[in-house]
Structure formats: structure tokens, C-alpha cells
Asks: 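Let me give you the structure first, and then I'll get to my questions.
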There are 2 protein chains.
Amino acid sequence: MAATVYKALADPTRRRILQLLRERDMTAGELAVHFESSKPTLSRHFSVLSNADLIQGTRDGNRIIYRLNVTVLEEALLTMMNMFSIEIVGGDKNEQ
Amino acid sequence: MAATVYKALADPTRRRILQLLRERDMTAGELAVHFESSKPTLSRHFSVLSNADLIQGTRDGNRIIYRLNVTVLEEALLTMMNMFSIEIVGGDKNEQ
DNA sequence: TCTGTATTTAGCTATTTCGCTAAATAGCTA
DNA sequence: TAGCTATTTAGCGAAATAGCTAAATACAGA
């Protein structure tokens, strides 16, 4: 896993973006509705996530649709679990 | 989970510290042997990890022994898994 | 109390990060 | 092409981060 992934996950706005994309693909504008930051600021967050390969954007005419790279996120977390030799049993949901 | 945990995990030196402490408790000096950074620099890394409650230091005479808070680290990673609705099956070991 | 060892705190610098506004780019429709 | 919408890029400032050296603190032993 690239080191960029950890940095990408370190920011609360970016974690929230990933959570939103977990539910469905969204355009930059749709995502922006959920935040108070300016669009340029969010755009840079997108690019950080994109560089970490956690999300991927495809242009659709006027807009850019972002989707979560689920497997990359999964592998990143599993790698961390292994890195620290954490064993798993079960689990619930939600939290920030 | 506190936001400080994510920041703490974002630095490679600090991840390595956690890995080393996963194997056994170590003094600041013992840990320092594994790195090229100066001791003051490492000391600040210890305090970042400590503020995130990921490690705990106890004075033993001259030295300070650091130990990993395994459960805190475990819960942090599980919280992330849940945050992103990641399901788990099995797993191997190691990687950085 | 003096000396030595272990560690942290203080203070500095360089780099990175995050936020903003303004401007540029990309694509649509008329 | 002109005008509109969506998004990114450029450029700036403030704050955070990580590194260093020097100095301070804490403890042990003579």
C-alpha cells in the first residue's frame, strides 16, 4: 500500500468523502453539497484521494463522477491490520 | 475514536514504532536504535502516539518504558473498518 | 553534592497542508 | 461563437508537521 493512503485517510473531510461514495457514485457538485468548504478546496481533496487511488473520477459531459475504489480501501485497511498483527472476529457499523 | 489517532498513524516513523512495540515493550533509547532520527525528534513522535493513547510510557528509574495500547489500536482499526462498512474474512501478515 | 546517563523541552527552520479567491478549462446548448 | 454550468488550476497566507541542536529535567550512584 502506498504511503499516500495513510495521509489521505488522516483528514476528516476526506474520510467523509469516502463514506459518502461508499453509498453511491457522486459528482463533485453532489459531494460538495455535504460540505461547507469551497469547491476548489474539495477539488484538492478529491485529487489527494485520487492520487492515493482511493477514488476515481470519470468525466460525464459537463461533470465528473467520482466513485470509490472499494477494493483499494479494503486492501489498505487489511494491510494495516496485518501490519499490526490485529486479529478479527466480528463488527457493527458507523462512527467518525 | 479520536481524530488524533488518524494523524498519528499517518507518519511512517510512528507506524514503525507501533510495530516494534507490538513485539515487546521498549525504552525510548531501545526504540531509538531502530531509527536514524535524533532522539528529540523521536521523543516528539512518542508524545504524538501517547496523545492518541496508542502507547503509554512509564518511568523506570533512569528510563521510560513504552508499551503499546493494543486494544486502542485494535479498536481504532475496527472503527475504520466499520466506518467504511468493510467486511472481513481472513488475512496474512507483514507489509509497510 | 557531583557526575553520568536517559529523556524531554525549547527554540529554530524548512516543508507540507489546508483554506480562500480569482482565473482557467471543459463541455453543453443555442 | 457566445453564454452558461461544472470543475480544476494558480497563487497566496496561515497553521501544522517534522527535522535539527542546545538546554533543561529526572534519576542513579559514588
Side-chain angles (χ1 to χ4, degrees), chain A residues 1-21 24-69 76 80 96, chain B residues 1-21 24-69 76 80 96:
Chain A
M1 167 171 49
T4 51
V5 172
Y6 296 101
K7 299 272 190 161
L9 291 173
D11 183 90
T13 297
R14 289 194 290 264
R15 289 195 299 276
R16 185 83 185 109
I17 291 169
L18 295 177
Q19 272 190 315
L20 289 168
L21 292 179
R24 65 176 180 85
D25 298 354
M26 293 176 87
T27 67
E30 286 175 321
L31 283 166
V33 169
H34 295 81
F35 300 92
E36 295 186 343
S37 302
S38 69
K39 299 216 176 149
T41 293
L42 288 170
S43 180
R44 199 159 38 69
H45 282 309
F46 300 150
S47 89
V48 170
L49 290 168
S50 197
N51 287 337
D53 201 32
L54 284 166
I55 69 175
Q56 202 165 338
T58 55
R59 184 169 280 277
D60 172 39
N62 221 2
R63 304 162 305 174
I64 294 177
I65 300 175
Y66 283 104
R67 77 170 174 74
L68 179 65
N69 277 348
M80 292 186 78
Q96 169 86 325
Chain B
M1 168 171 48
T4 51
V5 172
Y6 296 101
K7 299 273 190 161
L9 291 174
D11 183 90
T13 297
R14 290 194 290 264
R15 289 195 299 276
R16 186 81 186 111
I17 290 169
L18 295 178
Q19 272 190 315
L20 289 168
L21 292 179
R24 65 177 179 85
D25 298 354
M26 293 177 88
T27 66
E30 286 176 321
L31 283 166
V33 170
H34 296 81
F35 300 91
E36 295 187 342
S37 302
S38 69
K39 299 215 175 151
T41 293
L42 288 170
S43 180
R44 198 158 37 69
H45 282 307
F46 299 151
S47 89
V48 170
L49 289 168
S50 197
N51 287 337
D53 202 31
L54 285 167
I55 68 174
Q56 203 164 338
T58 55
R59 184 168 281 278
D60 172 39
N62 221 3
R63 303 160 305 173
I64 295 177
I65 300 175
Y66 283 104
R67 77 171 173 74
L68 179 66
N69 277 348
M80 291 186 80
Q96 169 87 321

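Throughout, protein chains are lettered first and strands after them, A, B, ... in sequence-line order, and every chain is numbered starting at 1.
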Asks: Start with the C-alpha distance between B/T27 and B/N62, add both sets of side-chain angles, then the distance that settles side chain to side chain contact (heavy atoms under 4.5 Å, CB included), and finish with yes or no.
Replies: CA-CA 10 Å; B/T27 66; B/N62 221 3; over 6 Å; no
Asks: Output, in order, the C-alpha distance, side-chain angles, deciding distance and verdict of side chain to side chain contact (heavy atoms under 4.5 Å, CB included) for B/T4 and B/N51.
Replies: CA-CA 7 Å; B/T4 51; B/N51 287 337; 5.6 Å; no
Asks: Carefully, step by step, assess A/L21 and A/L31 under the rule side chain to side chain contact (heavy atoms under 4.5 Å, CB included).
Replies: CA-CA 8 Å; A/L21 292 179; A/L31 283 166; 4.0 Å; yes
Asks: List the steps and the verdict of side chain to side chain contact (heavy atoms under 4.5 Å, CB included) for B/L54 and B/V48.
Replies: CA-CA 9 Å; B/L54 285 167; B/V48 170; over 6 Å; no
Asks: Taking the side chain as C-beta and beyond, is there a heavy-atom pair between B/H34 and B/Q19 under 4.5 Å?
Replies: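 Not touching, per the 4.5 Å side-chain cut-off.
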Asks: For B/R14, give me all partners under salt bridge (charged side-chain N to carboxylate O under 4.0 Å, His left out), at least two apart in sequence or on another chain.
Replies: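 Testing B/R14 for salt bridge (charged side-chain N to carboxylate O under 4.0 Å, His left out), a comparison that skips the adjacent residues, returns none.
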Asks: If every non-hydrogen atom of A/A28 is compared with every non-hydrogen atom of A/F46, which pair is closest and at what distance?
Replies: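 In terms of heavy atoms, the two residues are closest at CB-CE1, 3.6 Å.
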Asks: Treat a base pair as Watson-Crick or G-U wobble with both distances under 3.5 Å, then lay out DNA chain C in dot-bracket form, 5' to 3', with | for cross-strand pairs.
Replies: ||||||||||||||||||||||||||||||
Asks: Can you list everything that forms a salt bridge (charged side-chain N to carboxylate O under 4.0 Å, His left out) with B/R44? Sequence neighbours excluded, please.
Replies: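 For B/R44 there are no salt bridge (charged side-chain N to carboxylate O under 4.0 Å, His left out) partners, ignoring immediate neighbours.
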Asks: Taking all non-hydrogen atoms of both residues, which atom of B/L18 and which atom of B/I55 are closest, and how far apart?
Replies: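 Closest approach of B/L18 to B/I55: CD2-CG2, 3.7 Å.
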Asks: Would you jot down, in residue-number order, the residues of residues 43-55 of chain A having a non-hydrogen atom under 4.0 Å from DNA chain C?
Replies: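 Here the set is A/R44, A/H45.
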Asks: Need to verify one output field. Residue with the more 5' nearest nucleotide on DNA chain C, A/K7 or A/R59?
Replies: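 Upstream on the strand: A/K7.
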Asks: Starting at CZ of B/R63 and ending at C1' of C/dT5, how long is that distance when rounded to a whole Å?
Replies: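 Value for this atom pair: 10 Å.
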Asks: Without swapping roles, check the side chain of A/R67 against the backbone of A/Q56 for a donor-acceptor pair under 3.5 Å.
Replies: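 It does not hold such a pair.
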Asks: For B/T27 and for A/L42, find the nucleotide of DNA chain C with the closest heavy atom, then tell me which residue's nucleotide is more 5'.
Replies: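 With B/T27 and A/L42 compared, the 5'-side residue is B/T27.
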Asks: Measure the distance from CG on A/D11 to C1' on C/dG19 and round it to the nearest whole Å.
Replies: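 Whole-Å distance recorded here is 11 Å.
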Asks: Hey, which of A/S43, A/S37, A/S38 is the one that makes side-chain hydrogen bond (donor to acceptor under 3.5 Å, both in side chains) with A/T41?
Replies: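 Of the listed residues A/S43, A/S37, A/S38, the side-chain hydrogen bond (donor to acceptor under 3.5 Å, both in side chains) partner of A/T41 is A/S38.
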Asks: Between residues 30-38 of chain B and DNA chain C, which residues have a heavy-atom gap below 4.0 Å?
Replies: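 None, since no heavy atom is under 4.0 Å.
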Asks: On a heavy-atom basis, which atom in B/L9 and which in B/R15 lie closest, and how many Å separate them?
Replies: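 Shortest heavy-atom separation between B/L9 and B/R15 comes out as O-NH1, 2.9 Å.
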Asks: Once you round it to whole Å, what is the distance between C1' of C/dA6 and OH of B/Y66?
Replies: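 Checked: the OH to C1' distance equals 11 Å.
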Asks: Does the cation-pi check pass for B/R16 over B/F35, that is, NZ or CZ under 6.0 Å from the six-membered ring centre and within 45° of its axis?
Replies: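 No.
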Asks: Which nucleotide of DNA chain D is the first, and which the last, in the 5' to 3' direction, to come under 4.0 Å of a heavy atom belonging to chain A?
Replies: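 Using the under 4.0 Å cut-off, the span is D/dT5 to D/dT9.
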